[in-house]
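Quantities reported herein were computed from a predicted structural model and do not represent experimental measurements. Scope of the values below: all heavy atoms of this structure, side chains included, with no hydrogens, waters or symmetry mates. Atoms within a ligand are numbered from 1 in the order they appear, just like the ligands themselves.
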Amino acid sequence: MISVLVRYQELALKGKNRPWFQRHLVQHLQRALAGLGVREVRVPMGRIELVLSDAASTGEVRERLKYVFGVANFSLATRVTPDVDAIIAGILRDLPKERPASFRVKVRRADAQFPMPSPEMERRIGGPVAEATGWTVDLRHPAMTIGVEVLPGQAFYHFGKEPGPGGLPTGTSGRIVALMSGGIDSPVAAYRMMRRGCRATLIHFHSYPFLSRASQDKARQLATRLARYQLSLKLLLVPFGEIQRQVTMTVPSALRVVVYRRLMLRIADRVAHHDGAHALVTGDVVGQVASQTLENLAVVGHGIARPILRPLVGMDKGEIINEAIRLGTYDISIQPDEDCCTLFTPRHPVTRARRDEIVAAEAALPVDAFIDTALREAHRERISAGVPGSEESAAASRSDVGAVIKLTVGAGSDHDTSAD
Ligand code: ATP
Ligand code: MG
């Protein structure tokens, strides 16, 4: 019988909140893996154990775990009685077919009562493995590590760890509204905050029918990528072209970019209000373009009630691009589109906007009416993860997960353990 042993790191630091964080993570794991043959979820001492049925597809389970924030790393593991001979017998039976360049045994004892010290156990287990296989032992740089974890009343062995995405479980930091253009930066910015446990609603401003629908298609594709991390997310497509047109009628051209950004933020702030979101997120980077000087960022954020989080603010473009490539958003972002920023935008925007001139320029605009109209005309879509079977898993997680998956919380589950 095979299990997935999930380890979390930062959760372990959260003291009294830890059971709450753990519950979020367990719930998310149940949803993410619904339909894949998870028979039972156990919570043995600082770990989460997902007991798989014989029919479970371990490949798909591993793939999905890469998108569950809060998972530091995980192992496909076998549970045995905490007895050295039983552990040795199990390991010898399940050894991987391929010969590693070298190996070692690493024992972690979370059970202080267990009679044998870890180094002695490592020798006791490693000896028979080396003898049976002829494999070379390398304690310092092993190509493969046979892991043994001894907990009260149970033990696990496994043949290596795989990295998870890290971060905090989805939802544990509350909600955010992320402003997402079709560009490279803002999807990465949204991802960064999602990884910190924020549940994101995405808002995209487009200039259809003045421009094509291309930017909306990109926004949907980007949203689908990001949805893998929270299984489903809300995308708002907000028509912005008419607002821009009206801005051009009274606002001097050099100031328009700043005024557009302020209007976007005010609309997003209203969405956040309705959504119960605590912050707005943008992909701004200091100095990257004219609208992102420190002066302009200050003016852009003036008067916005919620904090504006800019997780990329100090990054280089190259670093952001690398992260976008890793995320799989880069190829979508570089597709040509007709971003609303290209509409009615001057060639020489102001780089040091003054607050009073912006406020004066806005005085003639019906800002509240803009916000009301934008929200009335916004198109709301629910984007699902776009992984095979995710529709069924979403359905399964709604209907029968509680019945199918039994959650067993083991004794001592509040004990502190690290994820390594
Ligand atoms: P990005 O690569 O994310 O488009 P950028 O470097 O092009 O960013 P700007 O065009 O100045 O920068 O936009 C700054 C931020 O404003 C974006 O990162 C995004 O958060 C928000 N933003 C800009 N245009 C839009 C849009 N059409 N819809 C939603 N948000 C937008
Ligand atoms: Mg852009």
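- Contact annotation: for Gln292 versus ligand 1, heavy atoms closer than 4.0 Å belong to the side chain alone.
- Less than 4.0 angstrom separates some heavy atom of Gly283 from each of these atoms of ligand 1: 17 (C), 18 (O), 20 (O).
- Looking at ligand 1, you'll find an N or O of Ile184 within less than 3.5 Å of one of its N or O atoms.
- Inclusion of Lys317 in the set of residues having an N or O under 3.5 Å from an N or O of ligand 1 is not warranted.
- The shortest side-chain heavy-atom distance between Thr172 and Trp20 falls under the 4.5 Å cut-off.
- Using a cut-off of 4.0 Å between Lys/Arg side-chain N and Asp/Glu carboxylate O, Arg192 and Glu323 are scored as salt-bridged.
- Of all the heavy atoms of Leu179, the ones lying under 4.0 Å from any atom of ligand 1 are found in both the backbone and the side chain.
- Every atom of ligand 1 is numbered from 1 in the order shown, and the set under 4.0 Å from a heavy atom of Met180 is 28 (N), 29 (C), 30 (N).
- Under the 4.5 Å side-chain criterion, counting only non-hydrogen atoms from C-beta, Val238 is in contact with Ile203.
- In this structure, the side chains of Ile267 and Phe240 come closer than 4.5 Å at one or more pairs of heavy atoms.
- A salt bridge does not link Glu295 to Arg354: none of the charged side-chain nitrogens sits closer than 4.0 Å to a carboxylate oxygen.
- Heavy-atom separations between Arg261 and ligand 1 include at least one value shorter than 4.0 Å.
- Of all atoms in ligand 1, listed by their number and element, those nearer than 4.0 Å to a heavy atom of Phe205 are 26 (C), 27 (N), 28 (N), 29 (C).
- Proximity to Asp284 (heavy-atom distance under 4.0 Å) selects the following atoms of ligand 1: 14 (C), 15 (C), 18 (O).
- Note that the OH atom of Tyr330 and the CG atom of Asn322 stand 9.5 Å from one another [nearest 0.5 Å].
- By the 3.5 Å distance cut-off applied to N or O atoms, Ser181 is counted among the residues near ligand 1.
- Considering only residues two or more places apart in sequence or on other chains, Glu357 meets the salt bridge (charged side-chain N to carboxylate O under 4.0 Å, His left out) condition with none of them.
- At least one heavy atom of Ile203 sits less than 4.0 Å from an atom of ligand 1.
- Using a 4.0 Å cut-off between charged side-chain N and carboxylate O, Arg261 and Asp284 make no salt bridge.
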